[in-house]
Each structure stands twice: as C-alpha cells, then as structure tokens.
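A quick write-up on the structure given underneath.
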Amino acid sequence: MDQSKPVILSIAILLVAVVAQSSTLTLSIEHHVAVVNREAQQKLLRAVFTGEPLIANVKLDVYALPQLPSTRAHLEELSRLSRKSWWRELRWDVRNAAGVGQSVHPRLVSASVRERGPNALNSVDRTTSVACTSYDGTFDLGHFDSGDYSVQVTVDGVESPRFPLAVRTGSEPEVRDVYLQEKARKTRDWTTFKALELERVQLDPTKAAALLELAQRSLEFGTLEETSSYFDRAAATMQQNVRDWARMNPVDAKKQTPGVEKTVAQIRALQRVLPEYFAHREEWRVTIDSATGQYVITTRDTNQFIRRVE
C-alpha cells in the first residue's frame, strides 16, 4: 500500500475546544506511516529512519474565550512572548521507551508569527471567531538512535500532547517496505530504483503499486520489453489481489472491482502503443491525466498534446 508522506497536525477552529484552558500548543514530527500487523490487528507506526533528522513542527495559538473566563489562564505570560525570539521559551521533553529523558538541542529552521481573528487585516487570517496570535516554528532535533520515543513541548504552563515516534534503521521487517519506497522515491538512478522496487515485490508479491511505479519509471529509462513486462505483472497482481480479497470480503471487493478493471484496461491500452512510443521516446513522453486517470502522450519539448491512450 502507498504510505503517506510527513503529517502535520494543527488546530483549525478555536471554538471547537471543549476544555476550558487557555490557548493551544500542538506538536508533530515529520514521519512515515507504516502499517504493522500484530496478533491479527493492524497498528499504524509513526516512523523516522536513523539516517534522517527529526523535524518537529510547533504551533502555538494564544487566545481566550470571552464566555469562559477560565481560558485566560496563562494568557498574561503568553502575551509577553517576543515575536522575534518566542521559540527560545519552548521547553522540550524527549523520553525513550523506558521513560528516560534524552538531551536534545533543537535548531530553528523557520519561525513566524501572525495575528488571526475577525479583525485581521488579511482575509486569509480571519479564520477564528476571537483574536488569536499564532506562533509557528519548525525545528531540527538532529538524529536519534534506533528506538521508541515520545516528544513533548511546553511554554509558560501550556503543554502539547506527547508525540509517539519509532526511530528505525530501515532494515526491520515492519518498516522495510516503507524504507525501500522512500529510497526509491528519492533516487534518480534507474538501476538503483529498479533494485529497490524489485526488492519490495520480492518481500511482498502482492505489492502491485511497486510494480506500477517500476513500469512508470521504465517508460523513461527501461527497454520496451521490460516496461511491458512490468505493466503485465502489475495488472495481473491487481486482478489477483481483488480475487483474493473477494474470498475474505466479497462486498468490498465488489466495490473495488470496477476501479481495478478500469486501471487494467488503461494499462492494456498503453501496452498496445508502447512500440510506437518507444520508437519516438526521444520526442514523446507519457503522462497521466489527473482528471481522468488516462494515459496521455505529449511532446517533450513543448508539452503539445499528441493523443489520449484509449
């Protein structure tokens, strides 16, 4: 399955808060999502690899609700934060799985402050029903050793929820596919890309997405024969996957079947024009119409439309 890219959590509407406390502080760590199967249950793992720095995003919204006087707690302290150096007041608490605190020295990557509320000068900032000062910061926490951690940040009596994080090398079975996919996404070398995607398929023969990604990249760098072969394997795997799913969940499989059949039909249509495309590959390119999902052939130099593959 495709993994999600880094996730940023934030509070969008202040009045949805039902807890009568002042302001809100949120924290997220940019991460990869791995699905782990344990004891017939699926668990989502927020993973960062040891070769990657931990990038933390902090958002502090300072406000009070007139109808709830208790929300003015800490407002006076928070209102004294410097717009230029507010981030220096943050206190970081990083703990390993045993609860032992870890020493960190966050490096500021970027920071901003803006005024929001009904009287904001910019219409984009009129997203809250009360006056609110929003502080946003991105920080590099450096590299962590493999292990499980939780991260929390506090400022002047306001604290964020703890953010759970799994730091892995990438060799662990539970995150290996995500690791390979991320490495493949970043490399521009065809031989490396091919080896990474083929390892994903070797580890999980049902990984149709990896075969399809391989076929798409092969359109640019592979041969006609291997490109057609990858598309063949991707189509066959998708069809087999939906047949296998039908035995476990026939109702859901019935819903998915039309989409699979449409994708396979588009693959077959493209395969029929592959010889012509490869004969003109220096001048042509294959793209995907984002609206219809169909393959489209255009010129490389001017992006001029040549034909829709049907």
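The structure presented is a predicted model; accordingly, all values stated were derived computationally and were not measured.
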For Val178 and Val33, work out which heavy atoms get closest and say how close.
-> CG2-O, 3.8 Å
Residues Asp204 and Thr206: side-chain donor-acceptor under 3.5 angstrom = yes
For salt bridge (charged side-chain N to carboxylate O under 4.0 Å, His left out), just list the numbers for Arg91 and Asp93, CA-CA rounded to whole Å, side-chain angles, deciding distance to a tenth of an Å, and then say yes or no.
-> CA-CA 7 Å; Arg91 297 295 176 261; Asp93 184 17; over 6 Å; no
Does atom CZ of Arg268 have more than 12 heavy-atom neighbours, drawn from other residues, nucleotides or ligands, at distances under 6.0 Å?
-> yes
Pairwise distance CD(Glu225) to CG(Leu274) - rounded to 0.5 angstrom | 10.0 Å
Pair His32 + Tyr179: ring centers closer than 6.0 Å = no
Does any N or O in the side chain of Ser218 come within less than 3.5 Å of the main-chain N or O of Leu214, such that one atom is a donor and the other an acceptor?
-> no
Are the charged groups of Glu197 and Lys207 less than 4.0 angstrom apart, N to O?
-> no
If you measure from CD on Gln216 to CG on Leu212, what distance do you get to the nearest 0.5 Å?
-> 5.0 Å
Over all atoms of both residues, closest heavy-atom pair of Ala131 and Tyr63 | O-CB, 3.5 Å
Whether Thr227 side chain and Thr223 backbone form a donor-acceptor pair below 3.5 Å = yes
Are any side-chain N or O atoms of Ser228 and backbone N or O atoms of Leu224, one a donor and one an acceptor, separated by less than 3.5 Å?
-> no
Taking Ser160 for the side chain and Val153 for the main chain, is one N or O donor matched with an acceptor at less than 3.5 Å?
-> yes
side-chain hydrogen bond (donor to acceptor under 3.5 Å, both in side chains) partners of Ser150, counting only residues at least two apart | Arg162
For Arg168 and Asp148, what are the C-alpha separation, side-chain angles and deciding distance, and is it a salt bridge (charged side-chain N to carboxylate O under 4.0 Å, His left out)?
-> CA-CA 9 Å; Arg168 300 290 186 264; Asp148 294 323; 2.9 Å; yes
Reported CD-to-CD1 distance for the pair Glu276 and Ile297, which is rounded to 0.5 angstrom | 6.5 Å
Could you walk me through whether Tyr135 and Trp86 pass the ring-ring contact (aromatic ring centres under 6.0 Å, His included) test, one step at a time?
-> CA-CA 8 Å; Tyr135 301 82; Trp86 63 270; 5.3 Å; yes
Run the numbers on Glu115 and Arg83 for salt bridge (charged side-chain N to carboxylate O under 4.0 Å, His left out), then give the verdict.
-> CA-CA 11 Å; Glu115 299 298 332; Arg83 297 177 71 90; 2.8 Å; yes
Parallel, tilted or perpendicular: which fits the ring planes of Trp87 and Phe139, with parallel below 30° and perpendicular above 60°?
-> tilted
Donor-acceptor pair, Asn96 side chain versus Val100 backbone, under 3.5 Å?
-> yes
If you look at every heavy atom in Met238 and Ala208, which pair is closest and at what distance?
-> CG-CB, 3.5 Å
For atom CD of Gln304, decide whether the heavy atoms of other residues, nucleotides or ligands shown that lie under 6.0 angstrom number more than 12.
-> no
Got a sec: does the CG of Asp145 have more than 12 other heavy atoms crowding it under 6.0 Å?
-> no
If a pair satisfies side-chain hydrogen bond (donor to acceptor under 3.5 Å, both in side chains) and one of its residues is in residues 236-248, list it, with sequence neighbours excluded.
-> Gln240-Arg243, Gln240-Asp244, Asp244-Arg247, Trp245-Asp252
Could you tell me whether Glu213 and Arg217 have a side-chain N and a carboxylate O separated by less than 4.0 Å?
-> no
Checking Thr299 side chain against Trp284 main chain: does a donor-acceptor pair fall under 3.5 Å?
-> no
Side-chain (Glu172) to main-chain (Gly170) donor-acceptor, under 3.5 angstrom = yes
Do Thr298 and Asn303 have side-chain N/O donor and acceptor atoms under 3.5 Å apart?
-> yes
Should the pair Arg80-Glu76 be classified as a salt bridge under the 4.0 Å nitrogen-to-oxygen rule?
-> yes
Without swapping roles, check the side chain of Arg46 against the backbone of Phe163 for a donor-acceptor pair under 3.5 Å.
-> no
What pair of heavy atoms forms the shortest contact from Val109 to Asp140, and how long is it?
-> CG2-N, 3.8 Å
Looking at residues at least two apart in the chain, or sitting in another chain, which of them share a side-chain hydrogen bond (donor to acceptor under 3.5 Å, both in side chains) with Glu220?
-> Arg300
